[in-house]
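Below is one structure, written out as structure tokens; comments come after it.
We count ligands from 1, going down the list as the structure has it; atoms in each ligand are counted the same way. We use all heavy atoms of the structure for the numbers below, so side chains are in, but hydrogens, waters and symmetry mates are not.
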Amino acid sequence: MADIIWALATSHVPSIGAAMDNNKTTDPYWQPLFDGYAPARKWMADNTPDVAIVVYNDHANAIDLDIVPTFSIGTAEEYPVADEGWGRRPIPPVLGAPELSEHLVKELIDDGFDITVCRELEVDHGLTVPLSVYCPDPGQTWPCPVIPVIVNVIQYPQPTAQRCYALGQALGKAVRSYPDGLKVAIFGTGGMSHQLAGARAGLINEPFDRMFLRAIETDPQSLAVLTREDYVREAGSEGIELIMWLVMRGALDEKITRIHEAYHVPASNTAAAIALFDNGVHDGSGSPIRM
Ligand code: DHB
Ligand code: FE
């Protein structure tokens, strides 16, 4: 039986990747953000999964805005890194896990989620920046293969937060029904509060972000009942990316253990956060007790 061992929630701001690619992580602007990543990175390096499921949104790089699937899953052997207008990032290719992907697609469709299947997919900063947050120096290959799970948070009407949470619950069940004993990590990406354009460009709502960081761990249902309008009003037109954290959370156990958290403003135009969870409850001796 496969199992989800840990979960990483992280912002995916493109300039975080650019700061790493251009050796600017110790510049005064960036250092506090990257200092906040260090303990999580160390813990994750000690707990390498066999596969990472990355829940993210494409930003009109691979998915044309004329055809916008609500939920999609990649089933490819490899996902080329998209050129978003300033050249491809100098990072390793993103390898897939097609057998587990196909299993997830089938289980989710049987469970009532009409998933779009992506046999070819270029991955943009929504996926590659979280991989860099996880593993800053991958060398020739990332630590594990990746399964992209794409959510439409770009074009109205986005899926409801409740539906994202339910997708996560079904995804967790689908992972656990896979016969091989794979250790799986899951990433929820995007957020926190930010709005890139319009009259409220630059919006940061720290009280909402702090509330969200608490509730994603202890009371995700209270976040699932918020409407898409609530997310846009409170977190900004791009802050609605936070609904993808609910897909991650739904895949986890009811009780989880927070390993690390950091919140920093600003990263580009956004409030950036990282939150790392062990999927289980600790007994104090270091090893999680699965509930
Ligand atoms: C920025 C943030 C995003 O989430 C994104 O997808 C693109 C840009 C930004 O703040 O620059
Ligand atoms: Fe984004």
Can you confirm whether more than 12 heavy atoms, excluding those of [X], are under 6.0 Å from its [atom1] atom?
X    : atom1 : result
I67  : CD1   : no
E229 : CD    : yes
E102 : CD    : yes

Check whether any side-chain N or O of [X] sits under 3.5 Å from a backbone N or O of [Y] as a donor-acceptor pair, and report yes or no.
X    : Y    : answer
W30  : A19  : no
T227 : D230 : yes
S11  : A273 : yes

Subject >> Donor + acceptor pair across side chains of R89, S132 (<3.5 Å) >> reply: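 Result is yes, a qualifying pair exists.
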Please could you name the atoms of ligand 1 that [X] approaches to less than 4.0 Å, counting only its heavy atoms?
X    : result
H125 : 5 (C), 6 (O), 7 (C)
L196 : 1 (C), 7 (C), 8 (C), 9 (C), 10 (O)
H12  : 4 (O), 6 (O)
N269 : 10 (O)
E241 : 4 (O), 6 (O)

Original post:
Are R88 and E122 close enough for a salt bridge, meaning some N to O gap below 4.0 Å?
Top reply: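 The answer is yes: the pair qualifies as a salt bridge.
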Original post:
Looking only at protein heavy atoms, which one is nearest to atom 11 (O) of ligand 1, and how far off is it?
Top reply: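 Heavy-atom neighbour on the protein nearest atom 11 (O) of ligand 1: S268 OG, 2.6 Å.
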**OP:** Return the residue, atom name and 0.1 Å-rounded distance of the protein heavy atom closest to atom 3 (C) of ligand 1.
**Re:**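 Result for atom 3 (C) of ligand 1: H194 NE2, 3.5 Å.
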Within [X], is some N, O or S atom less than 2.8 Å away from the Fe ion (ligand 2)?
X    : answer
H59  : yes
H12  : yes
E238 : no

**OP:** Test W245 against every option in L223, L213, T10 by the side chain to side chain contact (heavy atoms under 4.5 Å, CB included) rule and name the one that passes.
**Re:**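 Passing option: L213.
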**OP:** Could you tell me if any non-hydrogen atom of P14 lies under 4.0 Å from any atom of ligand 1?
**Re:**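 It does, in that a heavy atom of P14 comes within the 4.0 Å cut-off of ligand 1.
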Subject >> E238 to ligand 1, any heavy atom closer than 4.0 Å >> reply: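 Per 4.0 Å heavy-atom rule, E238 does not contact ligand 1.
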**OP:** Have a look at E241 and say which of its N, O or S atoms is nearest the Fe ion (ligand 2).
**Re:**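 Result: OE2.
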